[in-house]
Structure formats: C-alpha cells, structure tokens
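Before any comments, here is the structure.
Please read these numbers as outputs of a predicted model, since none were measured by experiment.
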Amino acid sequence: MATEYETYKPEWIDKEKQQDSSYASFVMTGIEEAPDKLRVAEHATKIARPPKLTLEDYVQGVLAGDRMVLSRAITLVESNAVKHFELGQEVVQALLPYTGKAVRVGVTGVPGAGKSTLIEALGTMLCQLGHKVAVLAVDPSSSVSRGSILGDKTRMEQLAKQPNAFIRPSPSSGTLGGVTRKSRETLLLCEAAGYDVILVETVGVGQSETTVRSMVDFFMAVVLTGAGDDLQGIKKGLLELVDGIFVNKADGDNIRPAMLTAADYNQVLHYLRPSTEGWSTHAYTCSAYTGDGVPELWEVVQDFCTKMNASGVLQERRRQQNLTWVREMTNEYIHNMIYNDPEIASSHAAIEAHVLDGSMAPTRALREIISVIEQRLHV
C-alpha cells in the first residue's frame, strides 16, 4: 500500500501570503518508520578501504603508469606522519634510477596572468603530439585555516580529459615560492611513471622563486601588459631567475600593447646577466585563449634543452639541484629534531610568553633559546 504524504507551505513564508500561488516551495511531511524496502542502511555493504600497498606494490604500480598507485605514492611522500616517512623515502629511492628523463618546466607569474590557462593550452598541445604531461599545480594555503581550494584540476578542464595528462594539485602550506616541501619527490615519482614533460605551476608570489628555480630545467614567467615599468621589473628580481618571459593575453585589442610590453622586457633583459650560462633570455607574446604563440613557446623550451644538454650546463644544474635538495632536507631534519623535543618546546613556549608580556627583549629571548638548545644537545 502506497504511503500517503501531506504538503504544506514552509514556516518562513509570511502568514498573510500562505495562500499566494506565486510561492512554489512546499514541505513534504515525513514518515514515522521507513518501510522494509527503504531500510537500506541495515543491509548496505560497507565500502572497503583500499588495501595497504607494500614497497613493491608502489614501485611496480608507478613504473606501470598506474595513475591510482601514483596518486597514492604522492600522498605517501607528502604525508607529515612519522609512520609514512620511511616507506615514502624507500619508494623514492627505489624509483630514483628511472627518473631524470623528463623536461622540467617551472611556470610563475603574478596572480591573474593566466598561468593555469597557458599551462592547459601547452599541456593539451603536447598530449596531442604524443607526450605524457604531468602538472604539479600548487595552490596557496590560507594563513588562517591552513586550507587550500585545490581547484586547478577543475580549471584545466580540457587538459584533465587527456588520457596522457596527470594533474596533481597540492597546498603550498605557506612555503616561500609557492612550492610544497615535497614537490621534488612528487616530480621524481611522475618521471618514474613515464611522464616526459613536468610542468610546475607556482602560486605566483613573484618575489621568492628561488625554490622553483632549484628544481626545474627551464623557468618561465607569465606576465601581463601594464604590470609596471622597466625599473619595477628589475626590482622584483624575477627577471634574473627566468629563462623566458611570455606576455600572455596577446589577443584582440591587446596584441599591440603585448608586443610593446615584450619589447620593454627585452630592453631590460639586455642589461641583465642571463639566468643560465650560454643562454639569452628573451620575452615573447602568446595567447592561452587563442593558442597563438603556444607552439613557439614549446620551441623555445626545446631549443633551450638542446643547447644546454650539448654544453653540459643542464647536467651540472641538476647535480647542483640535488645538493640543494640534500641541504634543505638536512635543515628541515635539524629543525624538526630541535622543536619536536618536549623539553626544548616547553622552554621555547615559556620564553615566548615572556616576550609577549614585555618582560624579556627579543634579543635576550634568542640567547635563552640558543642556550636551552645547546644544553639539550650537549654542545
């Protein structure tokens, strides 16, 4: 027998207008007890968690190009949990011999310059040419909630549809330069999975890009017209780090202003020392919307890699990047070792409390903290 329901107008509607037919909202009465056929919760099968993967599972899955295993491997190395650290490092070490064959391109620029759109246009073109493209898109983390939107994959709709593309958004977690602490490991995992072009998009802070420079081969900046005069470009210091500048949105009525902007940048670059020895940095125009200039962008990257490989500069750069990686991990380990120590953490909090109430000067606090650390480490 069918269950009978009643409908009524919502309580928030003005009583004087309860009979007004212009309100289409109705509330349906519920039922005291669900019929047997609706009691699905009692018989529903619990969704089983995916089984834990072993070191061999991770290695074989990544080498086979299994996107699910690759995603889980990246999550593993990004984890801050102590129990995940050792296994994550073992996975990276086991896959290290299968890395180093991809073209690594860093993309930076001010917010709104069209970095994501340009990456999508470039990545889609490369996938259609037969390349396997991985995009490491870094989203800014909130300084309040520590959360990130992680919406780059949604914004790169066309690229996400390509079977040869892999997009991995990650939170910046407040890291300078907008690159996550584990971006290097993620890059290596993608290379081991067979992706021959790695595009690293930063949050675009514009002033702290040395971290990005230390992990890619070709570093490019995406800029806009009317972003400042020549001196402003020099002050940012970004021009001394990049291997190419691309003035985006050069379409419609903006083509001529974009060409003038590129000419201005080229004039400035003429007086600056190139970021890469043996390479002349230039500015170009492009449009991620129409696709104009995107094939030329890739030609610039290929020309760079060909020349730098032949001269040995690229090989030396990667060796130095590995040393930088070791030093950064060493500093991180020392930092964690010190501040995860209960006694040091307790003394540190007490000293900071004195600074907050004004009873201790910051310089004196520094000496006190150093003294506690030295005593704890028996220096």
Given the options V216, V223, T202, T108 meets side-chain contact (heavy atoms from CB on, under 4.5 Å) only with T202
Indicate yes or no for a side-chain donor-acceptor contact from S346 to the backbone of P342 under 3.5 Å, with no hydrogens or angles considered. no
### Query
Is a side-chain N or O of W279 found less than 3.5 angstrom from the main chain of D243, in a donor-acceptor match?
yes
Any V133 side-chain heavy atom under 4.5 Å of N164 side chain: no
Just so I know, are the side chains of S71 and F166 near enough to count as touching, which here means a heavy-atom distance under 4.5 Å? yes
Determine yes or no for a side-chain-to-main-chain donor-acceptor pair under 3.5 angstrom, with R67 supplying the side chain and A165 the backbone.
-> yes
Let me check something: do L87 and L63 share a hydrophobic cluster, defined by ILVMFWY side-chain heavy atoms less than 4.5 Å apart, either directly or through other members?
yes
query = Heavy-atom distance under 4.5 Å between the side chains of W298 and M125, does that happen here?
reply = yes
Q: Go through Q89 and Q93 one step at a time and tell me if the side-chain hydrogen bond (donor to acceptor under 3.5 Å, both in side chains) criterion holds.
A: CA-CA 6 Å; Q89 295 308 307; Q93 182 62 39; over 6 Å; no
When L239, T261, V222, T285 are each screened for side-chain contact (heavy atoms from CB on, under 4.5 Å) with I245, the one that passes is L239
Check your understanding: Is it true that a side-chain atom of R273 and a backbone atom of E240 form a donor plus acceptor pair closer than 3.5 Å?
Key -> no
Original post:
Any chain of hydrophobic side-chain contacts (each under 4.5 Å) joining I334 to I370?
Top reply: no
- Query: Would a 4.5 Å heavy-atom cut-off, applied to side chains only, mark Y195 and L70 as touching?
  - Reply: yes
Exercise. Side chain of D217, backbone of L314: donor and acceptor closer than 3.5 Å?
Worked result: no
Verify the neighbour count for atom CZ of R318: are there more than 12 heavy atoms of other residues, nucleotides or ligands below 6.0 Å? yes
(Q) Just so I know, are the side chains of N322 and V326 near enough to count as touching, which here means a heavy-atom distance under 4.5 Å? (A) no
So does H354 get a backbone contact from the side chain of S359, meaning a donor-acceptor N/O pair under 3.5 Å?
yes
Crowding at CD, E277 (>12 non-hydrogen neighbours, <6.0 Å):
no
With no hydrogens and no angle check, just 3.5 Å: does a side-chain donor-acceptor pair link T276 and R317? yes
- Side chain D57, main chain T54, donor-acceptor under 3.5 Å: yes
| Under 3.5 Å, side chain of N266 to main-chain N/O of A283, donor-acceptor pair present? | yes
**Q320 vs L323 side-chain heavy atoms within contact, under 4.5 Å** = yes
Where the side chain of E120 meets the backbone of Q158, is there a donor-acceptor pair that is under 3.5 Å apart? yes
Tell me whether M259 at atom CE has more than 12 heavy atoms from other residues, nucleotides or ligands lying less than 6.0 Å away. no
### Query
Would you say R376's side chain and I344's backbone share a donor-acceptor pair under 3.5 angstrom?
no
| query | Just wondering, do E185 and W325 contact through their side chains at under 4.5 Å, heavy atoms? | reply | yes
- For residues T186 and E78, determine if any side-chain heavy atom of one lies less than 4.5 Å from a side-chain heavy atom of the other. yes
